[in-house]
Amino acid sequence: MDFEKAFEPGRIEERWYTHWMKLGVFTAHLDSPRPPFSMAIPPPNVTGRLHMGHALNNTLQDILARWRRMRGDDVLWLPGTDHAGIATQMVVDRQLAKEGTGREALGRDAFVRRVWQWKEEYGGAIIDQLKRLGCSCDWTRERFTMDPGLSHAVREAFVRLHEAGLIYRDKFIVNWCPRCRTAISDLEVIPQETQGHLWTIRYPLADGCGGIEVATTRPETMLGDTGVAVHPEDDRYRSLIGKTVALPLVGRALPIVADPFVEREFGTGAVKITPAHDPNDFEAARRAGLPSLVVMDEQGRMNDNVPEAYRGLDRFEARERVVADLRAQGVLVSVKDHLHNVGRCQRCNTIIEPYLSTQWFVRVKPLAEEAIRAVADGRVRFTPAHWVNSYNEWMGKIHDWCISRQLWWGHQIPAWHCETCSEINVAREAPAACRRCGGRVLRQDPDVLDTWFSSALWPFSTLGWPDDTPDLRRYYPTTVLVTGFDILFFWVCRMIMMGLRFMTVAPFRRVYITGLVRDAEGQKMSKTRGNVVDPLELIDRYGADALRLTLAAMATPGSDLPLSEERMVGYRAFANKIWNAARFVLLNLGETRQVDAPPPLPPRDRLRVEDRWILSRLARLEGTVEERLGDYRFDETANALYQFVWHEYCDWYLEIAKPHLLPGAPPIEAARTRAVLVHVLDAVLRLLHPVMPFITEDLWQRIPHRGETIALSPYPERDEAHIDEPAEREVALLMEIVVRVRNIRAELNIDPTRRLPLLYHARDRETAEMIAANAATIATLARLEGVRAAADLSATGPAARAVAQGVELAVPLAGILDLEAEKRRLSREIEKLAREREGHARKLQNAEFLGKARPEIVDKARRIHRELQEKIERLSRTVESLG
RNA sequence: AGGCGCGUAGCUCAGGGGGAGAGCGCUACCUUGACACGGUAGAAGUCAGCGGUUCAAAUCCGCUCGCGCCUACCA
């Protein structure tokens, strides 16, 4: 068997992934008698490359999927990608630009074909990257949001919502990106604190008697003003309400209206009303019955509704011109620096223009109400639970969702405009004739739907909805959704609303919200900072298993994950540690390797205490993993496994086992030891498999057995029969004795190769016999020449002394003992113990503690105090005897 | 402006009413037949501050300070 000294992840990963695919390990079984466990992947953008966020949430999902699969559940982890409207369109736009052409030149149909072509060619990249991570998705059910089936679902959902009056088309103020030339939703606008200006302008009253001053951060919008508003109870302006001002530069007459939305303290307390370019003004204008005037085109240039001097100017050029002209006319009262939030496009960072246009909307209130109830009554649970607050807050004050986008790539809105009578025909398929006038010239609405509209349907559209398919019946609702908080509102909220609406049941029972992967300094990863870590590079350097373990170990609910290279190095070392532990065990299996079953575990009465100890510890680990994973505590699961493998199995059990495998050891002892070693190794590999699938498969394949893959082997469960408290106590004592002796060695600078004698004195015979029975083990671990009982340790002459759980220890060091060093060592030890003792002593002197604390707490305090006391006394006597 | 979260060893973080923990780093020693991606031993903390509840607070409750994040229509 080739068994390299160091684990080399690159050599095995692809091989085992292919193996799993060949066996169909990841495919769900519709006809399985086992309970289903299902998850829908948060579909990454087709344009995407795997980033740390993906790596994290897909690692966690894969841990759940593999774990439940090994436990025997029928697991469906459904993968796929999102068509990502704007993002994808932009990628192809850029490509065309490079070729010296553009979307417009190509025309819509050719452009859309071109995007599909791009998708076929490059769209699969992220899928391959998920495979490299080891994701055990059911690839036979891979979906894309623009698949025919999903597109069908989108149309169906749209039509049904429209029929129910929950989708409408209206002229409304929306967030407009002049660069993307489309409307976007509120969520796609990123507010950014910006140092700007506040301009105060004087609008003269039409009757010539004075004027009113208004303040604005966007002076160019004044060209679209249709009124001025003041607070109805503002004494400064009360008398002006109802009067008219003349709009500077334009001359238009504007009425002064009263509206309580005006903040009297801000600016001058009077607001210019630009209904077509400001959401508040839009609402205020509606209330006051003021008209709207759009003064920009879709690229953010001033249109024909403004005086000739400004037409065609970009909005920022127009701003300068307007300000200059106002100043020239003497109506610019003041300019002040002003810090405020400016909305920018999530995609291209362009400053968003509120813009009046005709769009499609979802009336979300009724959907949100049910969605809030579903979370309130526990039909959907959040982990961590505090996210419910954010969820409720957002859902509570949600406003209508603008779902139309002026793009070409996406689901075109299933509405057909009649050229004859302008009737809008919303239908599942293109109608032959207008339902109102029978006209035959129909033109489909050019807009497409917000990408998140189709994503909102993902948990059921992927399973065949609106058809009543077996997949849908079996796997909906999904068990859990694992995703980042950044798309809580974009996606999670909307899925809950749509799931409840169309399936009556929420799309998942639990939402696990991951933290954010940050860099080692805790900074958010971003291209501009240049601190983005590429998970694929980490896989290349450290292996997918190490990356997964790192992410799992750091995934404490509710906190972000500062990813440091050092940490990864540590977990790669862990992979190497298991590798070598397995190497040791398997190379020691010798001739038994020929067989297709591992050596059977000997009956209990043939096991030694260390065997019963490690089996007991293993059983506890199995219980912990079961419980912690069930609570989505990936971090504690990972830590428990790490701790057990490294610090119990390797540090102690393997070391205790070694002498039994030596050539001269009794064969029966060797057989017993091998059996336990392999048994625990096998269990540990299976326990670790969900977290570290590749290395565990590779090692498990080297253990003799009949299974085809560890991925389908049963997950180890806690076996009560293996819990053995006496064995745990005994080994704890052995361990402490060994550590005491090693400490003496290290502190007194004794040659590590030198074999020392050890004398001990135990109070009771049972303990003494136990130590005697394990003398060889102790001797090996502590490098002793012998371990002997002594009735009285005070007569041994110069010796280093220690106490382990009440057992007195002496290492005779005639001739080599540095008395002063020993005194220093003991004194330090005594000081430490005394400090501990004081705490307990104080408690035990407190009558209220004795009276009110739970009895077992008091007993424990007594016991600890007594032990500390004894130890201190013994060590003190030793110090005295040293003079 | 509201809401949420965080402040524990040099660093990054677990823990969460009853003897302060891990990983990395650090110090000393060790190439011992699985592993130097290793071993052994060790040093290191007013658990942000102040008050309260309790027999007992790092842990629960208030307030303060510091740091993040999210939401919001102050032009």
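Lettering of chains follows the sequences in order, A, B, ..., and the numbering in each one begins at 1.
- For the C1' atom pair drawn from B/U27 and B/U32, the interatomic distance equals 22 Å after rounding to whole Å.
- Rounded to whole Å, atom P of B/G19 lies 12 Å from atom CG of A/Leu844.
- Remark: A/Lys577 engages no residue in a salt bridge (Lys or Arg N to Asp or Glu O under 4.0 Å) (not counting sequence neighbours).
- B/A43 atom P lies 12 Å from atom CZ of A/Arg825, rounded to whole Å.
- At whole-Å resolution of the value, CG in A/Asn580 and P in B/C35 are 6 Å apart.
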Checking A/Arg740 against A/Glu736 for the salt bridge (Lys or Arg N to Asp or Glu O under 4.0 Å) test, could you report, in this order, the C-alpha distance in whole Å, the side-chain angles of both residues, the deciding distance, and whether it holds? CA-CA 6 Å; A/Arg740 295 279 160 216; A/Glu736 192 176 339; 3.2 Å; yes
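- Ring geometry for A/Trp394 versus A/Phe489: interplanar angle under 30°, hence parallel rather than tilted (30 to 60°).
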Would you sort out whether A/Arg825 and A/Ile744 count as a side chain to side chain contact (heavy atoms under 4.5 Å, CB included), showing the intermediate values? CA-CA 8 Å; A/Arg825 181 182 78 86; A/Ile744 288 171; 3.5 Å; yes
Checking A/Leu784 against A/Val741 for the side chain to side chain contact (heavy atoms under 4.5 Å, CB included) test, could you report, in this order, the C-alpha distance in whole Å, the side-chain angles of both residues, the deciding distance, and whether it holds? CA-CA 9 Å; A/Leu784 299 168; A/Val741 175; 3.7 Å; yes
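- B/U71 and B/G25 are spaced 40 Å apart, taking the C1' atom of each and rounding to whole Å.
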Side chain to side chain donor-acceptor pair (under 3.5 Å) assessment of A/Arg518 paired with A/Asn531: CA-CA 9 Å; A/Arg518 298 170 174 276; A/Asn531 61 347; over 6 Å; no
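- At a threshold of 4.0 angstrom between heavy atoms, the contacts of A/Arg633 are confined to the sugar-phosphate backbone, with no base atom among them.
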Footprint string (nucleotides 69-75 of chain B, 5' to 3'): B base within contact, S backbone only, - free, heavy atoms under 4.0 Å: --SBBBB
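- When each of A/Glu836 and A/Val585 is assigned the nucleotide of RNA chain B bearing its nearest heavy atom, the one mapping closer to the 5' terminus is A/Glu836.
- Here, B/G33 and B/G15 have their C1' atoms 40 Å apart, quoted to the whole Å.
- The separation between A/Leu563 atom CG and B/C13 atom P is 11 Å, rounded to whole Å.
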Would A/Arg742 and A/Glu747 count as a salt bridge (Lys or Arg N to Asp or Glu O under 4.0 Å) here? Give the steps. CA-CA 8 Å; A/Arg742 285 172 177 169; A/Glu747 298 262 324; over 6 Å; no
Walk me through it: do A/Ile578 and A/Met692 pass the test side chain to side chain contact (heavy atoms under 4.5 Å, CB included)? CA-CA 11 Å; A/Ile578 312 164; A/Met692 309 179 81; 4.1 Å; yes
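- Rounded to a whole angstrom, the distance from the C1' atom of B/G10 to that of B/C61 is 33 Å.
- Applying the side chain to side chain donor-acceptor pair (under 3.5 Å) test to pairs two or more places apart or on separate chains, those with a residue in residues 262-275 of chain A are A/Thr221-A/Lys272, A/Asp225-A/Lys272, A/Asp225-A/Thr274, A/Lys272-A/Thr274.
- Applying the ring-ring contact (aromatic ring centres under 6.0 Å, His included) rule to pairs touching residues 640-662 of chain A yields A/Tyr571-A/Tyr642, A/Phe574-A/Tyr642, A/Tyr642-A/Trp646, sequence neighbours excluded.
- When the P atom is used for both B/G39 and B/G23, the distance is 11 Å, rounded to whole Å.
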Report each atom pair, protein N/O against N/O of nucleotides 36-42 of chain B, whose distance is under 3.5 angstrom.
| unit_1 | atom_1 | unit_2 | atom_2 | d |
| --- | --- | --- | --- | --- |
| B/C37 | O2' | A/Asn576 | ND2 | 2.9 |
| B/C37 | O2 | A/Arg572 | O | 3.4 |
| B/G38 | O3' | A/Lys577 | NZ | 3.0 |
| B/G39 | OP1 | A/Lys577 | NZ | 3.0 |
| B/G39 | OP1 | A/Trp646 | NE1 | 2.5 |
| B/U40 | O3' | A/Arg742 | NH1 | 3.4 |
| B/A41 | O3' | A/Asn743 | ND2 | 3.1 |
| B/G42 | OP1 | A/Asn743 | ND2 | 2.9 |

With a 3.5 Å cut-off and sequence neighbours excluded, list the donor-acceptor pairs that the side chains of residues 832-846 of chain A form with protein atoms.
| unit_1 | atom_1 | unit_2 | atom_2 | d |
| --- | --- | --- | --- | --- |
| A/Arg837 | NH1 | A/Gln869 | OE1 | 2.9 |
| A/Asn846 | OD1 | A/Glu848 | N | 2.8 |
| A/Asn846 | OD1 | A/Phe849 | N | 3.4 |

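- Taking atom CZ on A/Arg583 and atom P on B/A34, their separation rounds to 9 Å, with Å as the unit.
- Straight-line distance between the P atoms of B/U40 and B/A34: roughly 14 Å, to the nearest whole Å.
- Within the 4.0 Å cut-off from OP1 or OP2 of B/A14, at least one side-chain nitrogen or oxygen of A/Ser559 is found.
- Atom OH in A/Tyr571 sits about 9 Å away from atom P in B/G23, given to the nearest Å.
- With respect to A/Glu655 and A/Lys658, a salt bridge is recorded, a charged nitrogen being found less than 4.0 Å from a carboxylate O.
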Dot-bracket for RNA chain B, please, read 5' to 3', with Watson-Crick or G-U wobble pairs under 3.5 Å on both distances, ( ) within the strand, [ ] crossing, | other strand, . unpaired. (((((((..((((....[..)))).(((((.......))))).....(((((..]....))))))))))))....
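- Between A/Tyr512 and A/Phe382, the distance separating the two ring centers is not shorter than 6.0 angstrom.
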Heteroatom pairs (N/O) under 3.5 angstrom, protein to nucleotides 29-31 of chain B:
none

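- Rounded to whole Å, the separation between the C1' atoms of B/G66 and B/A20 comes to 24 Å.
- Residue A/Glu636 contributes atom CD, which lies 11 Å from atom P of B/A14 at whole-angstrom precision.
- Applying the side-chain hydrogen bond (donor to acceptor under 3.5 Å, both in side chains) test to A/Gln346 and every residue at least two apart in sequence or in another chain returns nothing.
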Enumerate the protein-to-nucleotides 54-63 of chain B contacts in which both atoms are nitrogen or oxygen and the separation is below 3.5 Å.
| unit_1 | atom_1 | unit_2 | atom_2 | d |
| --- | --- | --- | --- | --- |
| B/C55 | OP1 | A/Lys852 | NZ | 2.5 |
| B/C55 | O2' | A/Asn846 | ND2 | 3.0 |

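- As rounded to whole Å, 10 Å separates atom C1' of B/C13 from atom CG of A/Asn639.
- The nearest heavy atom of RNA chain B to A/Tyr642 and to A/Asp635 marks one nucleotide each, and the one closer to the 5' end goes with A/Asp635.
- For the side-chain hydrogen bond (donor to acceptor under 3.5 Å, both in side chains) test, residues two or more places apart in sequence or in another chain that qualify with A/Asp259 are A/Arg287.
- In this structure, A/Trp176 and A/Tyr355 have tilted ring planes: the angle between them lies in the 30° to 60° band.
- Checked against salt bridge (Lys or Arg N to Asp or Glu O under 4.0 Å), A/Asp631 has the following partners two or more places apart in sequence or in another chain: A/Arg628.
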